[in-house]
Amino acid sequence: MRDDWDDDRLLAALREAMAARQAVPAKFIETGKNAYAWHNVDAELAQLTYDSRHDEGALARIRAETASVRALTFSSARFMIELEVTAAGLLGQIMPPGGGTIEAESQAGGTTIAAIDEAGGFSLDPLPASPFRLRCRTADGSDVVTGWITL
Amino acid sequence: MRDDPVVVALVARAAQGDQIAWNDIVERYAPLVWSICARYRLSGQDVEDVGQTVWLRLVEQLGKLREPAALPGWIATTTQRECVRVSRASRRPDRAAAEPDDLESVAGPVVIEQEVITAETHAALRAAFAELPLRCRQLLTLLMSDPARSYLEISTILQVPVGSIGPERGRCLQRLRRSSCLAAYIDNAV
């Protein structure tokens, strides 16, 4: 604050500062505080490597041929997770194939858990609330988490 | 201004697992994220999405920020990028051609810099205000009320003589001006 600001100017600046804070809804701040739950989540990160949304040709093909509306692929050093989003839910395949559990964790806080079958397939129905990310825990002890997915 | 030791300390504590420090960071910078979102006229849900993404990215970056003092700039840039992404994604494809990107809403570095400076000044003012004695906070809050209150009204509410309000206002504002929270700003201005 400039030392040469007179009282009126200082008070006006303070009023502006308080108003800027009051304009922010409590829920917005609460969500920000809750994000800290993700601190130090120690899992292998699988990053988005394919998204049909960014592939105009594929988008038209998918829409024409199947009930799928979006296809996504996430890859980490050791795993690949392919997803197909339909109106009904989410179908997935983890490779290399193997059993385990899959968790869909919404940023808003909800978690859905489903089994991954021996062939690496899984399904989530209904769709998790966006944005969410998937965490795969395989039978052999691997822990992989995808980047955030917004549908 | 960029070397605000308060910010550096908050980032260091949050990186070490201190939820209180994290909460302080969110309290301090949520108005910055909010004001940038307001510039893009996003829907309520989109603003929530942007906010969540910005904070989650920051959680992932804690401890990796090369220059913790540059945090507000990082928050502003990340928020702006997310606003652009969300506003493009939420635009219906059949209308996309009719609505070219509103380039004016993508602010350049000068605008962002100004938003960051304003947000930092506001945060420092709020911190300084929070340290004032209760009497000062009450008086200044009444003096800032909208619509404005007369000294007579304020004297009735606080049960003090009308004549004491002017001098007390000056003393409280002087304490505010001298607060250590604002020290970084005074140095910067000289």
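In what follows, chains carry the letters A, B, and so on, assigned in the order in which the sequence lines appear, proteins first and then strands, with residues in each chain numbered from 1.
A salt bridge does not link Asp7(A) to Arg171(B): none of the charged side-chain nitrogens sits closer than 4.0 Å to a carboxylate oxygen. A salt bridge does not link Arg15(A) with Asp146(B): none of the charged nitrogens is closer than 4.0 Å to a carboxylate oxygen.
Under the 4.5 Å side-chain heavy-atom criterion for Ile, Leu, Val, Met, Phe, Trp and Tyr, Ile94(A) and Ile113(A) are members of distinct hydrophobic clusters. The hydrophobic cluster containing Leu132(B) does not contain Leu134(B), counting ILVMFWY residues as joined when their side-chain heavy atoms lie under 4.5 angstrom apart, directly or transitively. When hydrophobic clusters are built by joining Ile, Leu, Val, Met, Phe, Trp and Tyr residues whose side-chain heavy atoms come closer than 4.5 Å, directly or via intermediates, Leu140(B) is grouped together with Ile157(B). Side-chain heavy atoms closer than 4.5 Å link hydrophobic residues (I, L, V, M, F, W, Y) into clusters, and following such links, possibly through other members, connects Phe129(B) to Leu142(B). The cluster map of Ile, Leu, Val, Met, Phe, Trp and Tyr, joined by side-chain heavy atoms under 4.5 Å apart, puts Ile165(B) and Leu11(A) in the same cluster.
In this structure, chain A has a heavy atom under 4.5 Å from the side chain of Leu62(B), while its backbone stays farther away. Contacts of Val54(B) with chain A are absent, with no heavy-atom separation under 4.5 Å from either backbone or side chain. Only the side chain of Glu60(B) comes within less than 4.5 Å of a heavy atom of chain A; its backbone N, CA, C and O stay farther away. Proximity to chain A involves both the backbone and the side chain of Leu143(B), based on heavy atoms less than 4.5 angstrom apart.
Within the hydrophobic cluster formed by Ile, Leu, Val, Met, Phe, Trp and Tyr side chains joined at under 4.5 Å, directly or through other members, Ile20(B) stands alone, with no partner residue.
Closest approach of Ser130(A) to Asp49(B), counting heavy atoms only: O-OD1, 4.5 Å. Contact between Pro31(B) and Ala20(A) at its shortest, heavy atoms only, is CB-O, 3.8 Å. A pairwise comparison of heavy atoms in Ala35(A) and Trp55(B) identifies CB-CB, 3.8 Å as the closest pair.
The choice from Arg169(B), Gln52(B), Gln174(B) that makes the most heavy-atom pairs within less than 4.5 Å of chain A is Gln52(B). Most heavy-atom pairs under 4.5 Å with chain A, from the set Thr141(B), Leu56(B), Val26(B): that is Leu56(B). Per-residue heavy-atom pair counts under 4.5 Å with chain A were compared for Gly17(B), Gly170(B), Gly51(B), and the maximum is reached by Gly17(B). Note on Leu14(A), Asn34(A), Thr31(A): by heavy-atom pairs under 4.5 Å with chain B, the leading option is Leu14(A). With respect to chain A, the highest number of heavy-atom pairs below 4.5 Å among Ala123(B), Ala124(B), Ala14(B) belongs to Ala14(B).
Within the 3.5 Å criterion, the main-chain N or O of Asp18(B) finds a donor-acceptor partner in the side chain of Tyr36(A). Judged purely by atom type and a 3.5 angstrom limit, Gln19(B) uses its side chain to pair as donor or acceptor with the backbone of Lys33(A). Arg126(B) places a side-chain N or O within donor-acceptor distance of the main-chain N or O of Ala17(A), the cut-off being under 3.5 Å. No donor-acceptor distance shorter than 3.5 angstrom exists from the side chain of Trp34(B) to the backbone of Ile29(A), with no hydrogens or angles considered.
By the 4.5 Å heavy-atom criterion applied to side chains, Val47(B) and Phe28(A) are counted as neighbours. Proximity of Arg21(A) to His122(B): side-chain heavy atoms (C-beta onward) are nowhere separated by under 4.5 Å. By the 4.5 Å heavy-atom criterion applied to side chains, Asp6(A) and Leu173(B) are not counted as neighbours. Between Lys27(A) and Glu48(B), the closest side-chain pair of non-hydrogen atoms falls below 4.5 Å.
Expressed to the nearest 0.5 Å, how far CE of Met18(A) lies from CG of Leu125(B) amounts to 9.0 Å. Rounded to the nearest 0.5 angstrom, His39(A) NE2 and Gln16(B) CD are separated by 9.0 Å.
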**Request:** Report the C-alpha separation of Thr150(A) and Val86(B) in whole Å, then their side-chain angles, then the decisive distance to 0.1 Å, and conclude whether the side chain to side chain contact (heavy atoms under 4.5 Å, CB included) test is met.
**Result:** CA-CA 10 Å; Thr150(A) 303; Val86(B) 165; over 6 Å; no
